[in-house]
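So you know, we letter chains A, B, ... as the sequences are listed, proteins then strands, and number each from 1.
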Protein chains: 2
Amino acid sequence: MNYEEAKMKFVSTWGSLGSLWGINKAMAQIQALLFVSTKPLSMEDIMEDLKISRGNTSMNLRQLMDWGIVTKEIIPGERKEYFTTEKDVQELARIIAKERSRREIQPVIRVLKDVSSIKDDGTAKTKELIKQTKALHDLTETADDMINRLVNQKQNWITKSLLKLIK
Amino acid sequence: MNYEEAKMKFVSTWGSLGSLWGINKAMAQIQALLFVSTKPLSMEDIMEDLKISRGNTSMNLRQLMDWGIVTKEIIPGERKEYFTTEKDVQELARIIAKERSRREIQPVIRVLKDVSSIKDDGTAKTKELIKQTKALHDLTETADDMINRLVNQKQNWITKSLLKLIK
DNA sequence: ATAAACTTTCAATAATTATTGAAAGTTTAA
DNA sequence: TTAAACTTTCAATAATTATTGAAAGTTTAT
């Protein structure tokens, strides 16, 4: 496997993994491309390499910037805008975890709280609904909290946490 | 909010959250419905409650069974098949984490390993590709391993882990 | 062996989501 | 102020994914 093959394989695999962290294919591929690039890339560069349209590139770059994963780089003397992504994997994990929590997990926690707070009318089915949604609420909230703690220990969080679990 | 409203709210929220754990809406809604039901439900029951077709119900129940989340319940004297879901949230989390790891994370880890193992031809771009995919490989592998350790401590894993992290 | 009761399969269709491309918008240089 | 260089927007379209429903398949009771 040569450089180009390996790069394409990485970009497309990372792209199809997008669903795992809740973003679309093009968005994940753009991020992957920037992630292994030695220098900032222009919109032209990205369009050409991934064979996607200008509009698509523009929209997905904007989304990546909203996530805080990609930043605009101004190169003096150049008219074009250039883009780079966060290169540190741990910082990347931190940003992604935080955003997913905010966008998807928090709203669900709120619904679970509402549903599990309905008035207990004494029937078995109401009791079951309350019990089960409460259990789900507690699990979701605790897991979310744990992940946030983990990722907010900026330095080497995974290694540290793992050590604590093993000992 | 009365029982029916609360139940529907829970089922539809959990359904739209399906994407978070990598399954489709109907599948997540069926699981949600079983999760708060006081008794096993038949295909009829599910179709009626969620207003989805027989085919859809059948296919999604099969998938839930493949995941190991839902099981068939034979009720003596009854011709119909009945279904129940795992009711314990921690066991549920364990199953989901394990399946997602197997289905999605492991294949990606393999690709990252392959890509990061290409021959270093000395160029800056090859060095960058190797370095970055190796970092991603290590992060992904360690995170996956950590999650597996966490969820395999069947009893109260979240609480225990959290305590270890706080102290 | 037959038929009723039930489940599965899968081609057709619908719904959703992503992508394009061209027009409108913006910025910069002269 | 003009025009070139570039980016954004968004309606139209394409691609993907989910859903239906009816025919085929299976099981059970008689």
Rounded to the nearest angstrom, tell me the gap between atom [atom1] in [X] and atom [atom2] in [N].
X: A:L64; N: D:dT8; atom1: CG; atom2: C1'; answer: 16 Å
X: B:I74; N: C:dC6; atom1: CD1; atom2: C1'; answer: 12 Å
X: B:K72; N: C:dC6; atom1: NZ; atom2: P; answer: 14 Å
X: B:I75; N: C:dC6; atom1: CD1; atom2: C1'; answer: 15 Å
X: B:L61; N: C:dT8; atom1: CG; atom2: C1'; answer: 12 Å

### Query
Can you name the one residue among B:I118, B:L112, B:D114 that meets side chain to side chain contact (heavy atoms under 4.5 Å, CB included) with A:F10?
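That would be B:L112; it is the only one of B:I118, B:L112, B:D114 passing the side chain to side chain contact (heavy atoms under 4.5 Å, CB included) with A:F10.
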### Query
If you measure from the Lys or Arg side-chain nitrogens to the Asp or Glu carboxylate oxygens, is any gap between B:E128 and A:K39 under 4.0 Å?
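The answer is no: the pair does not qualify as a salt bridge.
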### Distance-only polar pair, side chains of B:Q106 and B:D144, donor-acceptor under 3.5 Å
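There is such a pair between these side chains.
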### Message
Are more than 12 heavy atoms, taken from residues, nucleotides or ligands other than A:K9, located less than 6.0 Å from that residue's NZ atom?
### Response
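Buried by this count: over 12 neighbours within 6.0 Å.
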### Query
Can you tell me if CZ on B:R62 sees more than 12 non-hydrogen neighbours from other groups inside 6.0 Å?
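Atom CZ in B:R62 is not packed in, count stays at 12 or less.
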### Query
With a 4.5 Å limit on heavy-atom distance, are the side chains of B:Q29 and B:W14 in contact?
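No - every pair of side-chain heavy atoms lies 4.5 Å or more apart.
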### Message
With a 4.5 Å cut-off on side-chain heavy-atom distances among I, L, V, M, F, W and Y, is there a chain of contacts connecting B:L136 to A:I95?
### Response
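Yes, B:L136 and A:I95 fall within the same hydrophobic cluster.
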### Message
According to a hydrophobic-cluster definition based on side-chain heavy atoms being under 4.5 Å apart (Ile, Leu, Val, Met, Phe, Trp, Tyr only), do B:I52 and B:M59 belong together?
### Response
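Looking at the clustering, B:M59 is in a separate group from B:I52.
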### Query
So A:W67 and A:I96, side-chain contact (heavy atoms from CB on, under 4.5 Å) or not? Walk me through it.
CA-CA 8 Å; A:W67 271 72; A:I96 292 166; 4.2 Å; yes
### Message
Heavy atoms within less than 4.0 Å of DNA chain C: which residues of residues 35-48 of chain A have one? Give them sorted by number.
### Response
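Contacting residues: none.
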#### Entry: Relative orientation of the end axes in the helix from C:dA1-D:dT30 to C:dA30-D:dT1, expressed as an angle to the nearest 10° (five pairs per end)
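Computed angle between terminal axes is 20°.
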### Summary
In 5'-to-3' order, the base (B), backbone-only (S) or no-contact (-) status of each nucleotide in nucleotides 15-28 of chain C, using a 4.0 angstrom heavy-atom cut-off, is ---SSBB-----BB
#### Entry: Pair B:K113-B:R110, side-chain contact (heavy atoms from CB on, under 4.5 Å): steps then yes or no
CA-CA 5 Å; B:K113 198 179 170 198; B:R110 249 170 274 129; 5.7 Å; no
### Task
Apply the test side-chain hydrogen bond (donor to acceptor under 3.5 Å, both in side chains) to residues A:S42 and A:D45: give CA-CA distance (whole Å), side-chain angles for both, the deciding distance (0.1 Å), then the verdict.
CA-CA 5 Å; A:S42 69; A:D45 295 335; 3.1 Å; yes
### Query
For C:dT9, does either OP1 or OP2 sit under 4.0 Å from a side-chain N or O belonging to B:R62?
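B:R62 to C:dT9 OP1/OP2: side-chain N or O found under 4.0 Å.
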